[in-house]
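The structure appears below as structure tokens.
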Amino acid sequence: MPPLSNLATRDVETLVHPYTNLSGFRDSGPLIIERGQGVYVYDTEGKPYIEAMAGLWCTALGYGNEELVEAAATQMRKLSFAHLFTGKSHDPAIELAEKLKEIAPVPISKVFFCNSGSEANDTQVKLVWYLNNALGRPSKKKIVSRVKAYHGVTIVAASLTGLPANHRDFDLPLPGFLHTSCPHHYRFAQDGESEEQFATRLAEELEALIVKEGPDTVAAFIAEPVMGAGGVIVPPKTYFEKIMKVCEKHDVFMISDEVICGFGRLGTAFGCEKLNFKPHSISIAKALSSAYLPIAGVMIPESVYQALLAESKKIGVFGHGFTYGGHPVSAAVALKALEIYARDKIFATAAARAPQFQARLAALNQHPLVGEARGLGLIGGVELVADKRDKRSFAPQHGVAAKAVQFAEAEGLIVRAVLGDVLTLCPPLVISAAEIDDLFDRLSRALDKTLDWVNAGRLAQT
Ligand SMILES: Cc1ncc(COP(=O)(O)O)c(C=O)c1O
């Protein structure tokens, strides 16, 4: 391992890095990014990388967008902070909430602003609990999520998340948070089961879970349209239609976590539009501001708003809110991002680029290391396996996908490795056709090098 640079050493001695093997990291050190432009970021040596993860699934408009920078600077000069507590308000938050209501895929009454996807999902759960208290059904409080779901890391959001690393030794999930089956056909369908049959079985399993727990105890079901951090899992055909029927039957509130899929990722404004379901409420974050500043929100239906009114009357206050929720500078940037999405037809452009992106992704299925290359719109996952025929995974200690990430970085490409040796791709929506080709050319070379490394170490055998 080459010695760490001065800046890298200072990093190792001062920062705790999220989602990092903190022990191995002491030797490898960080990749320090200095600046960005378009779909590229540059490290401290000036080396360019295609940012094929849009940061963390979020920089939809890429880097260096002057309009967004200007929107922030202008608002910061005019009013650098104002809040929405105790009846105060400001123009950017009002306008942003109006715009969001206009483009919402389902009837939305109000918007509640917060700062992160985790806060949005925590808020969703609190609102559902409030709703059921207001409706006089205090035992209807359990929340159903899914194995491999990702909904964030605060205590409730991490309880919704269905990934072992977010639970283990954190004493999570909390009681009352349940996880139904993951809708991943490649991994979990039975022999010969079609996508539709698999979807039917999953809906039946959800119903069996609700009935076992008691429908009068199950409050809500939460889902990402396409699962992101769990490995980019596109649900089987007819999945959401069938799940929605089960939720309707048992009066279970349905929440779409659109933190990744919202704002064009699947080629539609919201992921639920692409996957054909109508949630009651929606969590938004990330591309809402194209990640130029933190802002998130919950899009709330009238039924929940009525519950908030009733509880406020009873208790005297709606006792929830974050200091920076709806921050005027973040809201001004988000408003500008929404303006650019509409003006430049960014969602339609993403939809138009999707066939090329998905064709290049699907071609990776021919690679000897790839068990399944899958995706929708401008998101993709590449699952690496030791044996394509029986879908056998590599032993986790080999860190095969993590190694592929390093080879990709050497090629000037940033991708991410998630649990189960899946490489994830989620480029800025403004990526050009030539940049998509370049991205996959680099990824193919990285996969070839990973294969050589796997063969040299005979890692597929052990
Ligand atoms: C679908 C989904 N929900 C929630 C979150 C949590 O968002 P945050 O990291 O902003 O708390 C994420 C983050 O990646 C996400 O992908």
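Heavy-atom basis, side chains included; hydrogens, waters and symmetry copies ignored. Order of listing sets the numbers, starting from 1, for every ligand and every atom in it.
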Numbered atoms of ligand 1 (with element) below 4.0 Å of N121, judged on heavy atoms | 3 (N), 4 (C)

Testing I260, L361, L425 for side-chain contact (heavy atoms from CB on, under 4.5 Å) with I379, which one passes?
-> I260

Distance-only donor-acceptor hits, side chain of residues 408-420, under 3.5 Å, sequence neighbours excluded:
unit_1 : atom_1 : unit_2 : atom_2 : d
E411   : OE1    : R445   : NE     : 2.8
E411   : OE1    : R445   : NH2    : 3.3
E411   : OE2    : K449   : NZ     : 2.6

With side chains defined as the heavy atoms from C-beta onward, is the minimum distance between I155 and L172 less than 4.5 Å?
-> yes

Return the residue, atom name and 0.1 Å-rounded distance of the protein heavy atom closest to atom 9 (O) of ligand 1.
-> S118 OG, 4.4 Å

Heavy atom of the protein closest to atom 8 (P) of ligand 1 (residue, atom name, distance) | G117 N, 3.5 Å

Walk me through it: do S432 and E435 pass the test side chain to side chain donor-acceptor pair (under 3.5 Å)?
-> CA-CA 5 Å; S432 69; E435 286 163 344; 3.2 Å; yes

Under 4.0 Å, heavy atoms only, figure out whether ligand 1 is touched by the backbone of V153, its side chain, both or neither.
-> neither

Specify side chain, backbone, both or neither for H151, according to which of its non-hydrogen atoms lie closer than 4.0 Å to ligand 1.
-> backbone

Ring center gap for Y130 and H320 short of 6.0 angstrom | no

Those atoms of ligand 1 less than 4.0 Å from some heavy atom in I260 | 16 (O)

Hey, would you say the F357 and F440 ring centroids sit under 6.0 Å apart?
-> yes

In the protein, what heavy atom is nearest to atom 14 (O) of ligand 1, and what distance, to one decimal place, separates them?
-> K286 NZ, 2.9 Å

Compare all side-chain heavy atoms of S109 with those of I300 and state whether any distance is below 4.5 angstrom.
-> no

Would you mind listing which atoms of ligand 1 come within a distance below 4.0 Å of any non-hydrogen atom of E224?
-> 1 (C)

Could you tell me if the ring centre of F347 sits under 6.0 Å from that of Y341?
-> yes

Polar atom proximity, V259 to ligand 1 (N or O, under 3.5 Å) | no

Which ligand 1 atoms does S116 reach within 4.0 Å, using its non-hydrogen atoms?
-> 10 (O), 11 (O)

Nearest non-hydrogen protein atom to atom 3 (N) of ligand 1, with distance, is D257 OD2, 2.7 Å

